[in-house]
Amino acid sequence: MISHLTLNLIFILLLLIGYLISHYKKKYEYWKSLGIPYVGISGDLTFQPKTNRNVTIQEQYKKLAAHPFGGIYDGAKPVLLIRDPELIRAILIKDFSHFTDRGIVVNEEIDPLNAHLITLQGQRWRNIRIKLVPTFSSGKLRAMYPLMEQCTKVLDGYLDAKLKSSPELEVGDLMMRFAADVIGVCALGLDCHAIADEESEFRAAGRRMKPLKWKFFVRQVLRSIHPKIIPWLRWKATDRKAEDFFMGVTREAIKHREENQDKRTDFMQLLINLQHEEQKTLQDGAEPLFTDHVVAAHVMIFFLAGFETVSSAVSSCLYELALNPSIANKLHAEIERVLAAHGETLRKYPNTGFLKRICTKAYEIPNSSLLIKEGTNVLIPTYSLHHDPQYFPEPEKFDPDRFNEENRSNIVQGAYIPFGDGPRKCIAMRFAMMEARAALASIMRKYTVHPTAKTQIPLVFADGKSGIPRPERGIHLRFQARGSQCQ
Ligand code: HEM
């Protein structure tokens, strides 16, 4: 006999299943109800656990090939995928006032260090962005160059010593350590010793910040049932140990500078000065902008944004040069071509495979009858555009000539956006380009690089959800000193 309790449980379960079916049915009818082309539940970005997110977006991009934009779903959330470069430029630049935010929801009480430029919204983002832009002014970049060069010398010494024992190495991790040293010394005034010390605390903290696949999936599913479940569960998005580490580093740096009357001109000092100025002028009852948490959140995001992006750009470029010796030879002959090779690498392997915006003010799509409602998520598929043969013929071919002086002006505006565009584009674009080129020039001046038995061809990217290309098995290359015989 089935007990009363079991019957009640079955009844509750059936009710729950009934609720979920009608809840999801309604959600997945959103784009259909607006009468715009869409890819339904089968293409939901969250429920494609086996593939890299850039590849999944590219599949939806191809399915919507006949349209300038179309609807897709991400964990049952409707997202408008924009395909047309002209419309992309309108959203990012001309009509920015309708799309000022990325729509990333942060609970500052639970995740205080997640409140930074990438996630902040509206007027608070604007106020902080204006104050932080001077970090990468031309004068500051000039002052940073000698520090960056110092890091390339450490890299050079490390390679010399390392390659004596074996000519092969995994460049992805090494480049992350190089980028950690550069961002540490240039922006934060910290010696991370990440190249010299493979187990440096900074490198470890960076590793801890990568979200675990299963956690990301469960969060997306819970969010698709109800957006308030996660704040209600008080589930942190950032790793507590990494958070404590960055909070500690910030407090120590501030204390050290105050005790030693150390007045540098880097990003860390800019943050400290902003905090001091604000404390002096803050009116009674007014909310401060630069709290300790906001300062630490920016130390953390500059460190994280600074080390994985640049390292990926440099290691992917070295990978292509190892596979294309004729291009590498030309590059050696004319180091200026580093610029073109770097541009082409950012096309083939954009560090951020897609851009996000949220509609912050209702928007009528030009030349269409669609009115995007406030709160609609918008996705700009950088990776798909960079791999679309319409804009880049033979997109899988590594061809730096696309970016030489003659051809660069033929690139369709809005179809090449490795750093985003408009008022929310990468704040550190010029710094990142300078750093990647310094590292490439320093390595290619002395070495030629070759694939090894361990090199994965073509590169396969891990099942990342962030859009950052992380090669599944790293990038293994053999280094050969220029002028020496091939072994
Ligand atoms: C090759 C290196 C890099 C690439 C390709 C890259 C790319 C990007 C992209 C695509 C965005 C989004 C832009 C948009 O939504 O329109 C972005 C934003 C951002 N990046 Fe970078 N980035 C790089 C390096 C860096 C570095 C070195 C830092 C810090 C030192 C940094 C800090 C930021 C910040 C703070 C934002 C948010 C800007 C805002 O919303 O106001 N990035 N980056």
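The residues of the chain are indexed from 1 along the displayed sequence. Start at 1 and go down the list; that is how both ligands and their atoms are numbered.
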Which ligand 1 atoms, with their elements, are less than 4.0 angstrom from a heavy-atom of Phe136?
30 (C)
Give a yes/no on ligand 1: does Leu355 have at least one heavy atom closer than 4.0 angstrom to it?
yes
Kindly indicate, with the supporting measurements, whether the criterion ring pair (Phe, Tyr, Trp, His ring centres under 6.0 Å) is fulfilled by Phe303 and Phe246.
CA-CA 9 Å; Phe303 185 77; Phe246 282 108; 5.6 Å; yes
Nearest-contact summary for atom 4 (C) of ligand 1 - protein heavy atom, Å:
Phe419 CE2, 3.2 Å
Would you mind running through ligand 1 and noting each atom that sits below 4.0 Å from a heavy atom of Thr352?
7 (C), 8 (C), 9 (C), 10 (C)
shortest atom 1 (C) of ligand 1-to-protein heavy-atom contact is with Asn351 OD1, 3.1 Å
Atom indices of ligand 1, in the order listed, that fall short of 4.0 Å to a heavy atom of Trp125
39 (C), 40 (O), 41 (O)
Numbered atoms of ligand 1 (with element) below 4.0 Å of Ile118, judged on heavy atoms:
36 (C), 37 (C)
Using 30° and 60° as the class limits, which term best fits the ring planes of Phe431 and Phe136: parallel, tilted or perpendicular?
tilted
Looking only at heavy atoms, which two atoms of Ala415 and Phe392 are closest? And how far apart?
O-CE1, 3.7 Å
Which residue holds the protein heavy atom closest to atom 35 (C) of ligand 1, what is that atom called, and what is the gap in Å?
Ile427 CG2, 3.6 Å
Atom 27 (C) of ligand 1: nearest protein contact (heavy atom, Å):
Gly306 CA, 3.4 Å
Below 4.5 Å, heavy atoms only, C-beta onward: do Thr345 and Phe398 meet side chain to side chain?
yes
Do the rings of Tyr416 and Phe403 sit parallel, tilted or perpendicular, given the 30° and 60° boundaries?
tilted
Could you establish whether Arg357 and ligand 1 come within less than 4.0 Å of each other, counting only heavy atoms on the residue side?
yes
May I ask whether Phe267 places a heavy atom under 4.0 Å from ligand 1?
no
Number the atoms of ligand 1 from 1 as they appear, then name those within less than 4.0 Å of a heavy atom of Asp421, with their elements.
16 (O)
Tell me, yes or no, whether the heavy-atom count around Arg129 atom CZ, taken from other residues, nucleotides or ligands under 6.0 Å, exceeds 12.
yes
Checking a contact table here: which protein heavy atom is nearest atom 38 (C) of ligand 1, and how many Å away?
Arg129 NH1, 3.3 Å
